[in-house]
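Below is one structure; the comments refer to it alone.
Chain A is the first sequence line, chain B the second, and so forth, proteins listed ahead of strands; every chain is numbered from 1. Quantities reported herein were computed from a predicted structural model and do not represent experimental measurements.
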Protein chains: 2
Amino acid sequence: MRPLDDFDRKILSALVEDASQSYAQMGEQVGLSAPAVHERVKRMKKDGVILGTTVRLSGDAVEKPLLSFVQVSTRGWGKSQRLMALTRFPEVEEIHAVAGSTCLLMKVRTRDSQALESLLGQLYMTPQVVSTSTFVVLSTYLERPNQAGVTESWPEIVFPDV
Amino acid sequence: MRPLDDFDRKILSALVEDASQSYAQMGEQVGLSAPAVHERVKRMKKDGVILGTTVRLSGDAVEKPLLSFVQVSTRGWGKSQRLMALTRFPEVEEIHAVAGSTCLLMKVRTRDSQALESLLGQLYMTPQVVSTSTFVVLSTYLERPNQAGVTESWPEIVFPDV
DNA sequence: AGTGAAAGGTTTTGGGG
DNA sequence: CCCCAAAACCTTTCACT
């Protein structure tokens, strides 16, 4: 598997921004012809760099406006079948094992607080779960697709005067 | 703006799963013709239900394998210019204001621990920041596109025996 | 609102540098 | 590995139900 070059990174940035644009458009942005862009995209899909294409939906429009992060303290470690069963709730978007204490961090998006409560209820039904601690999101300032800005490294940030 | 019906939700689920499939394919899945699917998709874009189309990238392949969540305690509240400047770091994927204590929650994806440290350094340079608390992700069990499974509500979960 | 057929554009393939 | 050009496919429009 070949490492990514500058063309690849520019193409990825363009795709993260808007995956519905044509190869010709992207080719113009990065300085390649449409078939050249196509070939690189095909290669990056084969190599597992590009996992797939999806749409971004508005949480409000989809009627799941309540976003929360749930820290879960567990007895033991690892993905038990019971914890992985949570995957089947569409409300659960992410599950990570994190360092800092014996715990999992989950990102969940629910219709309302009742739905969140049900989900927490399900959590406490699994015997490994010792306790949970929930952070309800009041407002989201930034939420962008994974790994946006593949191209840039560390931009100069000029802090405005206080 | 019309509320979503069952066809709409099925179309959204299909698009979240794979936005590169053709209208004809989706039409077959949901029981409509290609132009009918197209018209609904066009309407949902206009109404802001569908925000855009992106690709999902592998964090490893993109050379930012270190995912972390950072809790930030701040003095005061709201989006100051200085905090919003963090948006310009591509490493910062999400910034939320959360209830539970006076704090922000950020999701950041960096190349390595040095890059994470630099970012934390930047945080402490902004005068409103009182303290931070970082959770480094050891492994990700689930991370799916926003609002996956628009169609389903609460599936029956059968817990396997312990 | 949905369908079928046709026009316009994009993806995809192949020959050549 | 890239470009140009042609074939195949998809999106988009339109008349009709």
Side-chain angles (χ1 to χ4, degrees), chain A residues 1-58 60-63 145-148 150-153, chain B residues 1-58 60-63 145-148 150-153:
Chain A
M1 189 192 122
R2 230 190 29 175
L4 303 178
D5 67 10
D6 244 37
F7 282 127
D8 292 326
R9 275 187 281 271
K10 279 183 187 166
I11 291 170
L12 290 178
S13 284
L15 283 174
V16 168
E17 188 84 25
D18 176 11
S20 71
Q21 60 191 312
S22 71
Y23 289 131
Q25 277 178 283
M26 296 196 331
E28 216 165 311
Q29 282 179 50
V30 307
L32 286 174
S33 69
V37 175
H38 173 243
E39 189 166 332
R40 280 163 180 273
V41 169
K42 209 169 59 180
R43 177 172 52 73
M44 290 191 284
K45 278 185 178 155
K46 184 177 61 59
D47 290 351
V49 177
I50 297 174
L51 302 174
T53 308
T54 71
V55 289
R56 288 179 297 121
L57 301 181
S58 140
D60 288 355
V62 122
E63 293 170 328
N146 283 355
Q147 299 90 29
V150 188
T151 245
E152 305 100 80
S153 48
Chain B
M1 187 193 125
R2 231 190 29 176
L4 304 178
D5 67 9
D6 243 37
F7 282 127
D8 292 326
R9 274 186 282 271
K10 279 184 188 166
I11 291 169
L12 289 178
S13 284
L15 282 174
V16 168
E17 189 82 26
D18 176 11
S20 72
Q21 61 191 312
S22 72
Y23 290 132
Q25 277 178 282
M26 296 196 329
E28 215 164 313
Q29 282 178 50
V30 307
L32 286 174
S33 69
V37 175
H38 173 241
E39 190 165 331
R40 280 163 180 272
V41 170
K42 208 169 59 178
R43 178 172 51 73
M44 291 192 283
K45 278 184 179 157
K46 186 177 60 59
D47 289 352
V49 177
I50 297 175
L51 301 174
T53 308
T54 70
V55 288
R56 290 179 296 120
L57 301 182
S58 140
D60 288 355
V62 122
E63 293 171 327
N146 283 354
Q147 299 90 31
V150 188
T151 245
E152 306 101 82
S153 47

Open item on the list: If you define the side chain from C-beta out and look only at heavy atoms, does anything of A/Leu51 sit under 4.5 Å from B/Val55?
Closed with: no
- [ ] Side-chain contact test, heavy atoms from C-beta onward, threshold under 4.5 Å: evaluate it for B/Leu32 versus B/Met26 and give yes or no.
- [x] no
Write down the distance between [atom1] ([X]) and [atom2] ([N]), rounded to a whole number of angstrom.
| X | N | atom1 | atom2 | result |
| --- | --- | --- | --- | --- |
| B/Met26 | D/dC10 | CE | P | 13 Å |
| B/Leu15 | D/dT11 | CG | P | 11 Å |
| B/Glu39 | C/dG4 | CD | C1' | 14 Å |
| B/Leu4 | C/dA1 | CG | P | 13 Å |

Task: Contact residues, residues 43-54 of chain B to DNA chain C [heavy atom, < 4.0 Å] - done: none
Determine all donor-acceptor pairs shorter than 3.5 Å in which one atom belongs to a side chain in residues 36-47 of chain A; sequence neighbours excluded.
residue, atom, partner, partner atom, Å
A/Arg40, NH1, A/Asp5, OD1, 3.0
A/Arg40, NH1, A/Asp5, OD2, 3.1
A/Arg40, NH1, A/Asp8, OD1, 2.9
A/Arg40, NH2, A/Asp5, OD2, 3.3
A/Arg43, NH2, A/Asp8, OD1, 3.2
A/Arg43, NH2, A/Asp8, OD2, 3.3

Open item on the list: Using the side-chain contact (heavy atoms from CB on, under 4.5 Å) definition, which of the options B/Leu12, B/Ile11, B/Val16 pairs with B/Ile50?
Closed with: B/Leu12
TODO: Let me have a per-nucleotide readout for nucleotides 5-17 of chain C, 5' to 3', with B, S or -, counting only protein heavy atoms under 4.0 Å.
DONE: B----SSSB----
TODO: Could you grab the distance from atom CG of A/Leu15 to atom OG1 of B/Thr54, nearest 0.5 Å is fine?
DONE: 9.5 Å
Open item on the list: Would you compute the distance between atom CD of B/Gln29 and atom CD of B/Gln21 and round it to the nearest 0.5 angstrom?
Closed with: 5.0 Å
Which pair of non-hydrogen atoms, one from [X] and one from [Y], has the smallest distance, and what is that distance?
| X | Y | result |
| --- | --- | --- |
| A/Ser58 | B/Gly48 | CB-O, 3.2 Å |
| A/Val30 | A/Lys10 | CG1-CB, 3.7 Å |
| B/Ala19 | B/Thr53 | CB-CG2, 4.1 Å |

Task: salt bridge (charged side-chain N to carboxylate O under 4.0 Å, His left out) contacts in which one or both residues fall within residues 11-32 of chain A, not counting sequence neighbours - done: none
Open item on the list: Does C/dG2 have its OP1 or OP2 closer than 4.0 Å to a side-chain nitrogen or oxygen of B/Arg40?
Closed with: yes
Open item on the list: Roughly what angle, to 10°, lies between the helix axis at the start of the helix from C/dA1-D/dT17 to C/dG17-D/dC1 and the one at its end, five pairs per end?
Closed with: 20°
